[in-house]
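Please read the structure below before turning to the comments.
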Amino acid sequence: MTEKDLYDSASDVASDDEMDGFTNAGGKKALLMRAIAAEMAENEDASDAEEGDEDEEDMEVDGEEEDAEASGDDDEEEEEDARTITQRVKQRVLVCSSRGTNQRQRHLMTDLIALLPHSKKENKLDQKKNLSTLNEVAELTNCNKVMYLESRRGTDLYMWLSHAPNGPSVKFEVLNVHTMDELNMTGNHLKGSRPILSFDASFDAAPHTLVIKELLKQTFNVPRANRRSKPFFDHVLMFAWADGKVWVRNFQLTESSPAGTLFKPNSNATDVALNEVGPRFVLNPIKLFQGSFGGLGLWENSDYLTPAAVRRAQRAEAQDKYASKEAKKVTKVEKAKTVQLPSDPLAAVFK
């Protein structure tokens, strides 16, 4: 900066009286020194302001980095939770039946689909011998569990539960079927709600019952955060092992307050009761396989009789009963012929 510029800046800072005093007293040098000092003070203030701005920018950058790290951690946790929920939602059950089912069997299938909101209904399967094609259908529909209802002769019903595509699988005979419409019970739980699975302690007594329990649990357990399920529990699916068979019942959970008290849901003061809803049926295990719908046999029920054999035994028993009755009639006729009454000496007295 030239001497003229300094003089002009000093004249801007000083008043008119001061300028006249400096000029008359020959204080031009002092005026220049004062201008230089004022400029240096302005430069220092500007540098301090720039340093303050830089510090604020650094603090903002550090804060943004910390927020980004915190939000990154939260995003990672949310992604992990989302992955976990997605893995649970991927549990899907393929439900299908064979040709030739009667009305009761179709209603049972409808009730089971209503109890399984994570199920996928498929068309009827035409073939009954090569059931391994169900593994391909399950793969195409993104299902890892299969429930197959097989009807024979229009009266006999079998249920297959399988973990596709590698197994294991189990085959049941379905007995004593009673559907929801047929029972007409007082219980009525919400459609799509998640059930509480209750298993009898007898399932832990043998290895084959443990495998059956695991297949039932993975099939009937509705996964968390399924898009068609409700996020609460209001019914109980009961599986009891008795007489070598699995007895299945469905109950609704109802809460009521004692007399004279205010009802408070989900509290210890309420009374919980069970009302049966249906359906009810009995599963008679036949054979346990290592693979899906076949493979090495892990266990077989030695006391099992096919429905045809049971019907033959019932017909034979009825035939034996009829034959014994006819034999008694023939014996009675022959006995009447051989046995004669002795003559009565007083028979001619009252003629």
Side-chain angles (χ1 to χ4, degrees), residues 97-109 111 124-129 131 148-161 170-185 200 202-203 205-206 208-209 212 238-249 276 278-289 294 297-351:
S97 65
S98 63
R99 297 279 182 185
T101 55
N102 56 24
Q103 182 181 7
R104 184 187 297 270
Q105 295 167 0
R106 288 194 298 270
H107 284 195
L108 176 63
M109 181 177 174
D111 294 343
K124 295 181 179 180
L125 189 67
D126 293 330
Q127 53 187 353
K128 295 185 179 181
K129 294 183 178 180
L131 298 180
Y148 176 62
L149 299 177
E150 182 181 0
S151 178
R152 295 289 181 90
R153 299 183 180 181
T155 56
D156 306 332
L157 182 63
Y158 301 92
M159 178 185 290
W160 285 82
L161 294 181
V170 62
K171 183 179 181 181
F172 298 101
E173 180 189 1
V174 185
L175 305 172
N176 302 332
V177 177
H178 299 282
T179 61
M180 291 184 185
D181 296 335
E182 179 185 0
L183 293 174
N184 197 15
M185 294 289 185
D200 188 8
S202 302
F203 278 99
H208 67 278
T209 55
I212 293 174
M238 187 271 293
F239 300 93
W241 180 266
D243 196 19
K245 302 177 181 64
V246 181
W247 301 70
V248 184
R249 298 290 186 271
E276 187 173 358
R280 60 165 67 169
F281 53 93
V282 180
L283 300 177
N284 186 16
I286 301 174
K287 194 171 183 179
L288 189 64
F289 299 92
L298 300 178
W299 174 82
E300 187 173 1
N301 190 359
S302 59
D303 299 331
Y304 173 72
L305 292 176
T306 61
V310 174
R311 286 192 289 267
R312 282 197 301 268
Q314 291 175 352
R315 287 196 298 267
E317 184 180 358
Q319 290 175 359
D320 294 340
K321 186 177 181 180
Y322 178 78
S324 63
K325 189 181 294 186
E326 292 295 325
K328 287 181 180 180
K329 290 182 180 179
V330 173
T331 304
K332 185 177 180 180
V333 171
E334 291 178 353
K335 186 177 181 181
K337 291 180 180 179
T338 56
V339 177
Q340 295 182 357
L341 295 175
S343 59
D344 187 5
L346 302 177
V349 174
F350 299 99
K351 287 185 180 179

Please check: side-chain N/O of Trp241 versus main-chain N/O of Asp200, any donor-acceptor pairing under 3.5 Å?
no
To the nearest 0.5 angstrom, please state how far the CD1 atom of Ile212 sits from the CZ atom of Phe172.
5.0 Å
I'd like to know if the side chain of Asn284 and the backbone of Glu173 have a donor-acceptor N/O pair within less than 3.5 Å.
no
Is any side-chain heavy atom of Thr101 closer than 4.5 Å to one of Met109?
no
So do Val282 and Val248 actually touch side chain to side chain, heavy atoms under 4.5 Å?
no
Return the OG1 to CG distance between Thr179 and Leu108, rounded to the nearest 0.5 Å.
8.0 Å
Fit a plane to each ring of Trp299 and His208, take the angle between them on a 0 to 90° scale, and name the class: parallel (under 30°), tilted (30 to 60°) or perpendicular (over 60°).
parallel
Do Lys171 and Phe289 form a cation-pi contact, if we require the NZ or CZ to be under 6.0 Å from the six-membered ring centre and within 45 degrees of the ring's axis?
no
d(Asn102 CG, His107 NE2) to nearest 0.5 Å is 10.0 Å
Tell me the closest heavy-atom pair linking Val177 and Arg104, and the distance in Å.
O-NH1, 2.9 Å
Between Gly244 and Pro285 the two heavy atoms that sit nearest each other are O-CD, 3.4 Å
Drop me the distance from Leu157's CG to Arg152's CZ, to the nearest 0.5 angstrom.
11.0 Å
Take atom CD in Glu317; do more than 12 heavy atoms of anything else shown fall under 6.0 Å from it?
no
Closest non-hydrogen atom pair between Gly297 and Lys287, with its separation:
CA-CE, 4.1 Å
Counting C-beta onward and ignoring hydrogens, is there a side-chain heavy-atom pair between Phe203 and Val246 closer than 4.5 Å?
yes
If we only count heavy atoms from C-beta on, is the Val170 to Leu288 side-chain gap below 4.5 Å?
yes
Given Arg99, Arg106, Lys124, Gln105, the one that forms side-chain hydrogen bond (donor to acceptor under 3.5 Å, both in side chains) with Ser151:
Gln105
Measuring from atom NZ of Lys245 to atom OH of Tyr304, what distance do you get when rounded to the nearest 0.5 angstrom?
10.5 Å
May I ask you to test the Leu131-Leu125 pair for a side-chain heavy-atom distance under 4.5 Å?
yes
Any side-chain heavy-atom pair from Ser98 and Tyr158 closer than 4.5 angstrom?
no
Are the side chains of Thr155 and Pro307 in contact, using a 4.5 Å heavy-atom criterion?
no
As an exercise, state the distance from CG of Asp111 to CG of Leu183, rounded to the nearest 0.5 Å.
9.0 Å
Distance-minimising heavy-atom pair for Met185 and Glu276
CB-O, 2.8 Å
